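Reading through the structure tokens given below for one structure.
No experiment lies behind these values; they were computed from the predicted model shown.
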Amino acid sequence: MQTTLTVAEGVAVLLAGMAAGGINAVVGSGTLVTFPVLLALGYPPVVANVSNTVGLVPGSLSGAYAYRKELAGQRPLLLRLGTASALGALLGAVLLLWLPPGAFKAIVPVLIGLALVLVILQPRLARSLATRRPERDRHVGPLLLLGVFGAGVYGGYFGAAQGVLLLGLLGVLLSTDLQWVNGIKNLLAALVNGVAAVLFIALGMVSWQPALLIAAGSVVGGLIGGRWGRRLPPAALRTLIVIIGLAAMLQLLT
């Protein structure tokens, strides 16, 4: 197991954290960048996942902060959705710790595959939502709360592309105002990562050197992504995410 990073490795983790923070603020697949990097540096899958989750918390918060205008005046809505996300995240994190490490290595390639499908289908979903009349403050029913809870379980266990999953759920069941929905998605993803991170830290499972480097990079990336990320070519960003995700799948399966 990797214990001390070289300067070059540290720079690579820092840059991966910046990329992940920016991607999470715009789309929500940053784990597919940082997780493979930690695997390549020799960290066991569960340790890499735990450290990555902790590291991405500050970047998730900075991405949510960049969308603070979209979140203004939405406290009741955010409390209901946030409670469902937090409970789901706690269950997902407990499952990660309770199931044997071999189960994680077997399950995660499937989750990465699901995440890549979501990333690929995201433009089609966005187009279908754009054909409907934009609405806000739609009723938060049991189906939406259950979906957000399920996304929280997914995020607490692994988390890659939980943002894309949340965008789809919120876009279909809450509103077609995608910028508004993206702000809510960023806050819920930050909450999921934060709840899981608290449990992982309390149990002493974090490898702090990569976690802190990812944290530093993701804060910068989250602020940049939240402000400028909408100007990036979506196709190029999506292609890069898919390539990196496929590399992670191959590494776990070999």
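- Put simply, the side chain of R68 gets close to the backbone of Y65: a donor and an acceptor are under 3.5 Å apart.
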Next item on the list: Start with the C-alpha distance between M205 and L97, add both sets of side-chain angles, then the distance that settles side-chain contact (heavy atoms from CB on, under 4.5 Å), and finish with yes or no.
Entry: CA-CA 10 Å; M205 299 187 63; L97 301 177; 2.8 Å; yes

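- By the 4.5 Å heavy-atom criterion applied to side chains, L15 and M18 are counted as neighbours.
- In this structure, L38 and P210 approach most closely via the heavy-atom pair CD2-CB, 3.7 Å.
- Side chain of E9 to backbone of L41: no donor-acceptor contact under 3.5 angstrom is found.
- In terms of heavy atoms, V195 sits closest to L90 at CG1-N, 3.9 Å.
- For the atom pair CG of L145 and CG of L169, the computed distance is 11.0 Å after rounding to the nearest 0.5 Å.
- Atom-to-atom distance recorded for Y154:OH and L166:CG is 10.5 Å, nearest 0.5 angstrom.
- Between T53 and T31 there is no side-chain heavy-atom pair separated by less than 4.5 Å.
- In terms of hydrophobic clustering, with Ile, Leu, Val, Met, Phe, Trp and Tyr side chains grouped at heavy-atom distances under 4.5 Å, V192 and L187 are assigned to different clusters.
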Note to self: Before you tell me yes or no, could you show the steps for N52 and L56 under side-chain contact (heavy atoms from CB on, under 4.5 Å), namely the whole-Å CA-CA distance, both residues' side-chain angles and the distance that decides it to 0.1 Å?
What the structure shows: CA-CA 6 Å; N52 178 70; L56 287 177; 3.6 Å; yes

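- Criterion: ILVMFWY side-chain heavy atoms under 4.5 Å apart, direct or through other members. Under it, L32 and L39 are part of a common hydrophobic cluster.
- Between the S85 side chain and the G152 main chain, no donor and acceptor come within less than 3.5 Å of each other.
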Item checked: Derivation and outcome, side-chain contact (heavy atoms from CB on, under 4.5 Å), residues T34 and V13 -> CA-CA 7 Å; T34 45; V13 173; over 6 Å; no

Note to self: Apply side-chain contact (heavy atoms from CB on, under 4.5 Å) to residues F149 and L91 and explain how you reach the verdict.
What the structure shows: CA-CA 9 Å; F149 173 80; L91 176 58; 3.9 Å; yes

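- Partners of S60 under the side chain to side chain donor-acceptor pair (under 3.5 Å) rule, at least two apart in sequence or in another chain, are N193.
- V57 and V50 sit in two unconnected hydrophobic clusters of ILVMFWY residues. Membership requires side-chain heavy atoms under 4.5 Å apart, directly or through other members.
- Between the side chain of S218 and the backbone N or O of G59 there is at least one donor-acceptor pair closer than 3.5 Å.
- W98 CH2 to Y157 OH: the interatomic distance, rounded to the nearest 0.5 Å, is 11.0 Å.
- L146 and L191 are members of different hydrophobic clusters when ILVMFWY side chains are connected at heavy-atom separations under 4.5 Å.
- L96 and L99 end up in the same hydrophobic cluster when Ile, Leu, Val, Met, Phe, Trp and Tyr side chains are linked at under 4.5 Å.
- Residue G222 comes nearest to S62 through the heavy atom pair CA-OG, 3.4 Å, listed as atom of the first residue, atom of the second, then distance.
- Taking every heavy atom of both residues into account, L77 and I184 meet most closely at CD2-CD1, 3.9 Å.
- Proximity of a side-chain donor or acceptor of N186 to a complementary backbone N or O of L61 within less than 3.5 Å is not detected.
- Within the model, atoms OG of S207 and OH of Y43 stand 4.0 Å from one another, a figure rounded to the nearest 0.5 Å.
- Rounding to the nearest 0.5 Å places CG of L144 at 6.0 Å from CG of L170.
- Residue F104 comes nearest to P109 through the heavy atom pair O-CD, 4.4 Å, listed as atom of the first residue, atom of the second, then distance.
- Remark: T4 OG1 to Q209 CD distance equals 6.0 Å, nearest 0.5 Å.
- Nearest approach of A20 to G30, heavy atoms of both residues: CB-O, 3.3 Å.
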